**Q** 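Structure below; questions to follow.
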There are 2 protein chains.
Amino acid sequence: MRDVSDKKRANLRDVAKAAGVSVATVSRVLNTPDTVAPKTRENVQRVIADLKFMPSAAARAINSGRTRFVGALVPTLDNAIFASFLSALESTLAAQGLSLVVSTTGEDPQLEVDKARSLINIGAEGLILSGVAHAPELFDLIESTSFPTLATSFFDPEGPLPTIGYDNIDAAEMGIQYLKDQGHRKVAVVHGPVASNDRTRARIEGARSVTGVSIEFHEVPLSFEGAARALDQILSQTERPTAIACMSDVLAIGVLQKLQRLGMAVPGTFSLLGMDDLPIAAHTFPPLSTVHLPVKRMGTAAGMAIAQWLENGTVPKAHRLEPRMVVRESVARLSD
Amino acid sequence: MRDVSDKKRANLRDVAKAAGVSVATVSRVLNTPDTVAPKTRENVQRVIADLKFMPSAAARAINSGRTRFVGALVPTLDNAIFASFLSALESTLAAQGLSLVVSTTGEDPQLEVDKARSLINIGAEGLILSGVAHAPELFDLIESTSFPTLATSFFDPEGPLPTIGYDNIDAAEMGIQYLKDQGHRKVAVVHGPVASNDRTRARIEGARSVTGVSIEFHEVPLSFEGAARALDQILSQTERPTAIACMSDVLAIGVLQKLQRLGMAVPGTFSLLGMDDLPIAAHTFPPLSTVHLPVKRMGTAAGMAIAQWLENGTVPKAHRLEPRMVVRESVARLSD
DNA sequence: CATGCTCATGTAACCAGTTACAAGCGTCAA
DNA sequence: TTGACGCTTGTAACTGGTTACATGAGCATG
């Protein structure tokens, strides 16, 4: 009998009674310890320890209006690029006393809206979106509640939301321009699904913007299998490109492995360019030349920005992170 | 002026007033709509929509005692094996109406305790641990509060916590036994840090348990760089092994890439075996033979188990998932 | 026409905290 | 001795929901 009642988590009143003080005093010991007399304080603290009392976060939240957690929406965790981003984001938030709730959307705008709504419902104080052609309903939701929301993985100073990210057009242009500088005039671009993915669309636009290079586009699922399929398409053509530019390292690595299996040399037969700069890119054979996207810094910046926003109400300005061309050994210099 | 007051999120009382009903009726419309007269219900629902009312999760939690989220502690998000696990876990939880709060511990037992405490503090209903030599304090914390906690990434029917995972001893044994069956008698085992990582220790034990094979161990950081370093060690020896068994695919891929860079054939010069079966393992060149660890199923199982636990109070039984030898092309059959 | 029942709704207590305000107490100066 | 002040503590209202219980209307039945 006693055991059962003992099981229930102790609350403020229990502590107050056991310590022979009022609930206010206990609350003060927790929040403003220096306003209570040392003797009382120590007594209360002992009782708290004895009863293993933990204040209910929900009850606190109801008063302060602060839940101290933010939600992040990412398309998937299965691509290292997002995992890497979240990893940096989580550490940064943790250092600010905030927790991170993760939801995956699978690039589905409707699912994104639902999950966003759900995150807000359960009390997230802010939202961090990443890289999806967000459904208009989502903007309505965010705007109507003026909910602290940050968009990442792209940069757009004009957009309705503050963005922290890189310019995907630039990134792709930088990669293709590099290929051009190395003498490539015919390039195959391999990219993931375009539907409901504005980052990919921007990259295509960036690739197109480079003049003097003839480009063909291959849209495939964003996976190793997809990459292999793209390569099949490329090989089946009569007039082959000299370089393959992949809009994601996952695709580049898929292409690379398939080429090796076919016994085709990189950069001998094809030059190969990636984008993202996943950790593995430095360790492939040959090491992959790729456009580095600063996702770690993006995670840190997003974490800091949202923390500031929640703490001081300072709405972050759009924050642009520069992609960087990382030259390794997968692209050959073509002499004319 | 009006704008400012409009900004405040509407609450139950506001809705009740605007709809000309009592708070109880509004609450009923939300929770048990069929106990409210259709006319009233529709009226209230319209007002709710007008005011964009969203019930506060905190206030609900305070009554029901349920926050509807669970915490997961993983060493890192930068290894695909954990990201993959979390991905499955998150989908499963979402389907059960639960959210997932992610914390990373970097294999640091003290940090794990801190983060666990913090997760419980902020109201997590359950905890999912994975693969770390958990500090004794953590057990005290969990046991003293009989907090719903699940351990994953290993299997131990005797342990203090319900476990859902594979037997790491078995997994390693299976891999080394396979090498033995293929005629290998001298094997280099490459593994990550042993300190505060009981899974790695178990794998070493499993490798040792195979008789008739001479094994040397190489402990390195769990990264591509670490793998390269291990290979350097192996190559510097006078009597080289015929096979390299890596206790993680990350290491295996690191070794593979380094071997390629050195122009050494796999499985010609060395046979190579991995563990985890990351998606990329099927796409390396040559495709990597590896011990498949069912992390996706583990994520799903853990999600279901904790949901059941919270819903019905059914404490899950230890749940064993079988590793599986995946034979691809990186291990050569040695004739005697 | 009175009684009993069901159905819809309202009142108020309750959850576990925070906090404005009041009050008790001791100390010191006038 | 009295009043002012500061320090510590307690009372009770408040946060935003849920829900036990009470109330009252509408209808069928005796």
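Computed from a predicted structure; not experimentally measured. A note on names: the letters A, B, ... follow the listed sequences, proteins ahead of strands, and every chain is numbered from 1.
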**Q** What side chain to side chain donor-acceptor pair (under 3.5 Å) pairs are there with at least one residue in residues 21-39 of chain A, not counting sequence neighbours?
**A**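 As it turns out, the side chain to side chain donor-acceptor pair (under 3.5 Å) pairs with a partner in residues 21-39 of chain A, which skip direct neighbours, are A:Ser22-A:Thr25, A:Ser27-A:Asn31, A:Asn31-A:Arg60, A:Thr32-A:Thr35.
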
**Q** Take the protein atom CG of B:Asn11 and the nucleotide atom C1' of D:dT15, then report the distance between them rounded to whole Å.
**A**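 The distance from CG of B:Asn11 to C1' of D:dT15 comes to 9 Å, rounded to the nearest Å.
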
**Q** Ignoring backbone atoms, test whether A:Ser27 places a side-chain nitrogen or oxygen under 4.0 Å from the OP1 or OP2 oxygen of C:dT18.
**A**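 It does, given that an N or O in the side chain of A:Ser27 lies less than 4.0 Å from OP1 or OP2 of C:dT18.
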
**Q** Quick one: B:Asn31 CG to D:dG17 P, roughly how many Å, whole number?
**A**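 Atom-to-atom, B:Asn31 to D:dG17, this comes out as 11 Å.
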
**Q** Can you list the residues that meet the side chain to side chain donor-acceptor pair (under 3.5 Å) rule with B:Gln308, with sequence neighbours excluded?
**A** B:Asn312

**Q** Does any N or O in the side chain of A:Asp14 come within less than 3.5 Å of the main-chain N or O of A:Asn11, such that one atom is a donor and the other an acceptor?
**A**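 The answer is yes, because a donor-acceptor pair under 3.5 Å joins these two groups.
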
**Q** If I take atom CZ in residue B:Arg66 and atom P in nucleotide C:dA16, what distance separates them, rounded to the nearest angstrom?
**A** 16 Å

**Q** Grab the CG-P distance between A:Leu12 and D:dT15 for me, whole Å please.
**A**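 Computing the A:Leu12:CG to D:dT15:P distance gives 18 Å.
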
**Q** Nearest heavy-atom pair of B:Lys296 and B:Ala88: which atoms, and what distance?
**A** O-CB, 3.3 Å

**Q** Can a donor-acceptor pair be found, under 3.5 Å and without considering hydrogens, that links the side chain of B:Ser130 to the backbone of B:Thr152?
**A**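 Checking the backbone N and O of B:Thr152 against the side chain of B:Ser130, no donor-acceptor pair under 3.5 Å is found.
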
**Q** Check whether A:Arg41 reaches the backbone of A:Pro33 with its side chain - one donor and one acceptor, N or O, closer than 3.5 Å.
**A**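 Pair found, side chain donor or acceptor close to backbone of A:Pro33.
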
**Q** Summarise protein proximity over nucleotides 22-27 of chain D in one line of letters, 5' to 3': B for base, S for sugar-phosphate only, - for none, counting protein heavy atoms closer than 4.0 Å.
**A** ------

**Q** Given 3.5 Å as the limit, does a donor-acceptor pair link the side chain of B:Thr105 with the main chain of B:Leu73, or not?
**A** no

**Q** Between atom CD1 in A:Ile62 and atom P in D:dA13, what is the gap in whole Å?
**A**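 Computing the A:Ile62:CD1 to D:dA13:P distance gives 18 Å.
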
**Q** For nucleotides 4-14 of chain C, give me one character per nucleotide, 5' to 3': B if any protein heavy atom sits under 4.0 Å from the base, S if the only such contacts are to the sugar-phosphate, - if neither.
**A** ----SBBBB--

**Q** Atom CG of A:Asp14 and atom P of C:dC15: how far apart are they, to the nearest Å?
**A** 11 Å

**Q** Just to verify, what does A:Asn43 make a side chain to side chain donor-acceptor pair (under 3.5 Å) with, not counting sequence neighbours?
**A**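 Side chain to side chain donor-acceptor pair (under 3.5 Å) list for A:Asn43, sorted by chain: empty.
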
**Q** Can you list the residues that meet the salt bridge (charged side-chain N to carboxylate O under 4.0 Å, His left out) rule with B:Asp114, with sequence neighbours excluded?
**A**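 B:Asp114 satisfies salt bridge (charged side-chain N to carboxylate O under 4.0 Å, His left out) with no residue once adjacent residues are dropped.
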
**Q** Can you measure B:Arg60 atom CZ to C:dA16 atom P for me and round it to whole angstrom units?
**A**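 Distance check: B:Arg60 CZ to C:dA16 P gives 18 Å.
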
